[in-house]
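First the structure, in the form of structure tokens, and then the observations on it.
The sequence lines fix the lettering, A, B, ..., with proteins before strands; numbering per chain opens at 1. What you see below is based on every heavy atom in this structure, not just the backbone, and it leaves out hydrogens, waters and symmetry mates.
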Amino acid sequence: MQIRRATAGTTNLPQSGSDTTGFDRLHPEIRRWIWEQKWEELRDVQDRAISAVLDTEADVLIAASTAAGKTEAAFLPVLTKVADRKGSGFSVLYVSPLKALINDQFRRLDQLAERLEIDTVRWHGDAPQSAKQRARRDPRGVVLITPESIEAMLIRRPGDAKAMLGSLDFIVIDELHAFLKGPRGLHLASLLRRIDALSAQPARRIGLSATIGDLAVAARWLNPGQAEDVRVVESSADSPELRLQVRAYSDPEEVEDADGLEADERQVALDLIADHMFSVLRGANNLVFAGSRKRVEALADRLRTRSEKVSVPNEFYPHHGSLSKELREELEDRLKKGDLPTTGVATTTLELGIDIGSIKSVAQVGAPRSLSSLRQRLGRSGRRRGVPAVLRIYVRERLLGKGSDPVDHLRLETVRAVAAVRLLVERFVEPPSIDAAIATVALHQTLSVIAQEGGARAGTLYQILCSSGPLSSLTKADYAQLLRGMASAEHRLVEQAPDGTIMLGEQGERLTASRDFYAIFSTDEEWRLVSSGRTLGTIPMSNPVGVGVVIAFAGRRWRIEAVDDRGKVLEVVHHRSGRIPKFDNVMNEPVHDRLSAEMRAVLQDMSVPGFLDDAAKEYLSEGRAAFRQLGLDAGSLVPAGKDTHVFTWHGTDVNAVLGFAFASAGLDCAILDVGVTVLDTQPDVVQAIMRQIADRPPDIDQVADFVENLQSAKFDEMVPEQLLRSLWGRSRHDVAERVASAVRAVVADFNDTTNGKPDAPTRRG
DNA sequence: GACCTGCTGCGGTTTG
């Protein structure tokens, strides 16, 4: 067996010593292990990662698709480096967003590490206690951990934490893209800073990421101080051939619940979609992404029913966050084993890196709203060389009638599907969006540091948490405001000793002592569904429950036999009918500016893509006709009954801020994917107000006064409202600029149109 | 904002 150098792609790394390959430089025991694996060669990313880790002292960012062997790319050189390390304390901290991923990686890593006599320990809530205890007594080697378990380690046993984490050589962060947005990423960034503070020499960081739009953002996350020093190893592998189809279906116009269970007489679009999936997906392994938990249940139920009708074994199983771990693992194992044809119908739960074997095709219901998500899903199919990736997008449009809203005539679902495919081909991916959770994370981490240290001075807290990194957008004045709020009689989270030391207050003690403290996100209370002693999953408390109520869940139908109010348990048995429980949220995933703009380009264009089925072609041409008929090629305002649509062709961020600008002028708005709807207002009034906005763009801090639901993150209710409002405005300065330019573009259209139309509205503000 | 994601230590019980 010979190991050759992989075909070199472009690289931004200095070449190492002339002829030595990455392979030659690995620890002898690792080379032997690679031979035994019968690998023919190291992948390009692996080869380059080896030299980045072994030849430099820099942080390293490895960006490649799911199947490119990123974990090995990081661990082969990292283990080579730490193999002969002596002394106590872990040498490698591997952080993952998922327990399931830790278990996967542990299985892959453990035997290799054992060969090198390197200890490996899983450290998360479901990992065996005994192994953790052993590692606590004698910490060495690699620890695989979640952010929440790091949090617990730091505040429960600060002394042990220093002994365990105070002399790390490497911190490896898996699925780094999952930490680039949202509170959990801010939380982890703060924890890593605090780990650095435990040691004389901060550990080198290695980030493993999916292919993402802006690698500079990931590099900055990895090393906020010197992002330019981060070595970037990006996969140069070509993406596989893509076979693609967009299929369109129509709902009967007045359908009440397009995602409900099958009704007897009338076929809604989802029934027709299920028919098609049933006919093309059986016999192989596939993934179907349905968007919401309700739609997952609706589709899994339809597919199982179809199997029963023609007496064939069911191959379709649901997978989402409310299903029990047991049921989810059954499906994952079935997909991984690959001996029975299986289609997983999922929300986003099957997007991340857990190993599910080879997948023939990917389908999704509803036009994509995010390119990063679409790419991630596509990466699940066609992973073997020479095998094309197969993607089917099923869109639903309404049957139009006399009273239909003009927006429905634009066929925006079909248009968005076409726009998304065009951006996919262009390789566009959304950059991570703004963070709304800085104040919540600062509050949480303040309590955590005080619990860890027993007490701290305000200046020290600010230094530890905010002096650089993602929380540094908080000024000293902001932080003082936060602390004052925490110390207030209302919250009593902290109190100040006479010498100035800040300590936990009564509520702070209570909060940090609870098991619920470790995670930066919260979950609502839910009913647990149990059938014959087996947990099926959970549904929100908001669902009406009672003995005799029949529900559809986990791909089957159930009757509630008993309700345990105290234990929050619903005892259920199989039943033939039922309805799908509510999963609360009704809002949509936000759309990026670029996708909205591309939708307009699709409507203006004349070409008809070959990947559309006949129905989708028809809808596209209807949408284009409506676009011209509504005058959208030259204007932006469309009356709809008592309301007026304003087409900005910008994304959700911009439209939301524009909505608040209208609110500040006293008008109510609904937010669309490509604009806003001003309620109970005629176009001439809207036009006048838009001219005002264009003349004097509203100050974002003034607009912020009209935001109502400012509290969105876990501890926001304990953050002074004034601080939340100020942060909201500050994080949206660039959005405000985009709103101003969108408004100017709309107003320019008025002027063009006005020139040609003598009867145009004359009213001005 | 769709959808996700996480959890200590101790006391009690069961089992070998």
Side-chain angles (χ1 to χ4, degrees), chain A residues 95-102 123-127 129 132-133 136 145-158 160-161 174-175 177-179 181-188 191 259 289-296 319-323 325 328 346-354 364-370 372-374 376-377 430 433-437 444 448 451 511-524 538 583-592 651-657 659 671-673 707-714 728 732 735:
Chain A
V95 189
S96 152
L98 293 180
K99 289 182 289 190
L101 199 55
I102 287 178
W123 196 295
H124 60 67
D126 301 339
Q129 277 289 335
K132 289 196 257 183
Q133 263 164 28
R136 184 150 46 217
I145 197 166
T146 60
E148 290 71 21
S149 284
I150 298 176
E151 179 67 58
M153 212 183 234
L154 289 175
I155 63 174
R156 287 285 163 257
R157 297 166 177 271
D160 289 347
D174 206 350
E175 307 275 358
H177 54 277
F179 292 115
K181 56 176 182 179
R184 207 171 177 210
L186 295 175
H187 183 197
L188 178 59
L191 292 170
D259 291 334
F289 293 97
S292 73
R293 285 168 287 185
K294 182 173 185 186
R295 212 177 296 148
V296 164
H319 193 278
H320 58 73
S322 294
L323 283 176
K325 195 173 90 164
R328 288 162 62 163
T347 52
T348 59
T349 43
L350 291 176
E351 274 178 26
L352 276 164
I354 34 177
Q364 89 160 36
V365 182
R369 302 179 66 82
S370 137
S372 64
S373 190
L374 182 63
Q376 194 80 8
R377 292 169 185 187
E430 297 84 0
S433 54
I434 41 182
D435 275 306
H444 178 248
S448 174
L511 209 57
T512 52
S514 86
R515 183 168 162 275
D516 186 50
F517 180 74
Y518 309 117
I520 197 68
F521 50 87
S522 55
T523 36
D524 298 333
T538 58
F583 288 102
D584 287 345
N585 284 312
V586 283
M587 296 294 286
N588 267 326
E589 184 180 14
V591 169
H592 187 268
T652 312
D653 284 347
V654 165
N655 295 328
V657 169
I671 308 302
L672 306 171
D673 288 346
V707 182
E708 273 170 19
N709 48 348
L710 278 169
Q711 297 180 2
S712 57
K714 188 174 177 186
W728 188 93
R732 280 170 182 75
V735 182

Between [X] (side chain) and [Y] (backbone), is there a donor-acceptor pair under 3.5 Å?
X: A/Lys132; Y: A/His124; value: yes
X: A/Asp259; Y: A/Arg295; value: no
X: A/Glu175; Y: A/Ser96; value: no
X: A/Thr146; Y: A/Ser149; value: yes

At under 4.0 Å, does any side-chain N or O of [X] touch on OP1 or OP2 of [N]?
X: A/Asn709; N: B/dG1; value: yes
X: A/Ser149; N: B/dC7; value: yes
X: A/Arg293; N: B/dC4; value: yes
X: A/Thr146; N: B/dC7; value: yes
X: A/Thr348; N: B/dC4; value: no

How long is the line joining [atom1] of [X] and [atom2] of [N], in whole Å?
X: A/Glu175; N: B/dG6; atom1: CD; atom2: P; answer: 12 Å
X: A/Leu511; N: B/dT8; atom1: CG; atom2: P; answer: 16 Å
X: A/Ile155; N: B/dC7; atom1: CD1; atom2: P; answer: 13 Å
X: A/Met153; N: B/dG6; atom1: CE; atom2: C1'; answer: 15 Å
X: A/Arg377; N: B/dA2; atom1: CZ; atom2: P; answer: 15 Å
X: A/Asn588; N: B/dC3; atom1: CG; atom2: P; answer: 9 Å
X: A/Lys714; N: B/dC7; atom1: NZ; atom2: C1'; answer: 9 Å
X: A/Lys99; N: B/dT5; atom1: NZ; atom2: P; answer: 9 Å

Would you state whether a donor and an acceptor, one from the side chain of [X] and one from the base of [N], lie under 3.5 Å apart?
X: A/Thr523; N: B/dG6; result: yes
X: A/Asp653; N: B/dG1; result: yes
X: A/Arg156; N: B/dT8; result: no

Quick check for you: among [options], whose closest atom lies nearest to any side-chain atom of [X]?
X: A/Pro590; options: B/dC7, B/dC4, B/dA2; answer: B/dA2
X: A/Arg157; options: B/dC4, B/dG9, B/dT8; answer: B/dG9
X: A/Lys132; options: B/dC7, B/dC4, B/dT8; answer: B/dT8
X: A/Asp516; options: B/dG6, B/dC3, B/dC7; answer: B/dG6
X: A/Arg184; options: B/dG1, B/dT5, B/dC3; answer: B/dT5
X: A/Thr652; options: B/dC7, B/dG1, B/dC4; answer: B/dG1

>> Taking A/Arg369 first and then A/Asp673, would you say they form a salt bridge - that is, a charged N and a carboxylate O separated by under 4.0 Å?
In response: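 Salt bridge flag = yes for A/Asp673 with A/Arg369.
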> Starting at the 5' end of DNA chain B, which residue's closest nucleotide do you reach first, A/Ser712 or A/Arg515?
Replying inline: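 First, find each residue's nearest nucleotide; the 5'-ward one identifies A/Ser712.
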>> Classify A/Arg328 by what it touches in the nucleic acid, base, sugar-phosphate, or nothing, heavy-atom distance under 4.0 Å.
In response: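 Answer is sugar-phosphate: A/Arg328 comes under 4.0 Å of backbone atoms only.
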> Hey, does A/Pro97 reach any base, or is it just sugar-phosphate, or nothing, if we go heavy atoms under 4.0 Å?
Replying inline: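 Answer is sugar-phosphate: A/Pro97 comes under 4.0 Å of backbone atoms only.
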> Are the aromatic ring centres of A/His444 and A/Phe517 under 6.0 angstrom apart?
Replying inline: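 Under 6.0 Å, so yes.
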> Can you check whether A/Phe521 stacks with the B/dT5 base, using ring centres under 5.5 Å and planes within 30°?
Replying inline: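 Yes; by the centre-distance and plane-angle rule, A/Phe521 counts as stacking on B/dT5.
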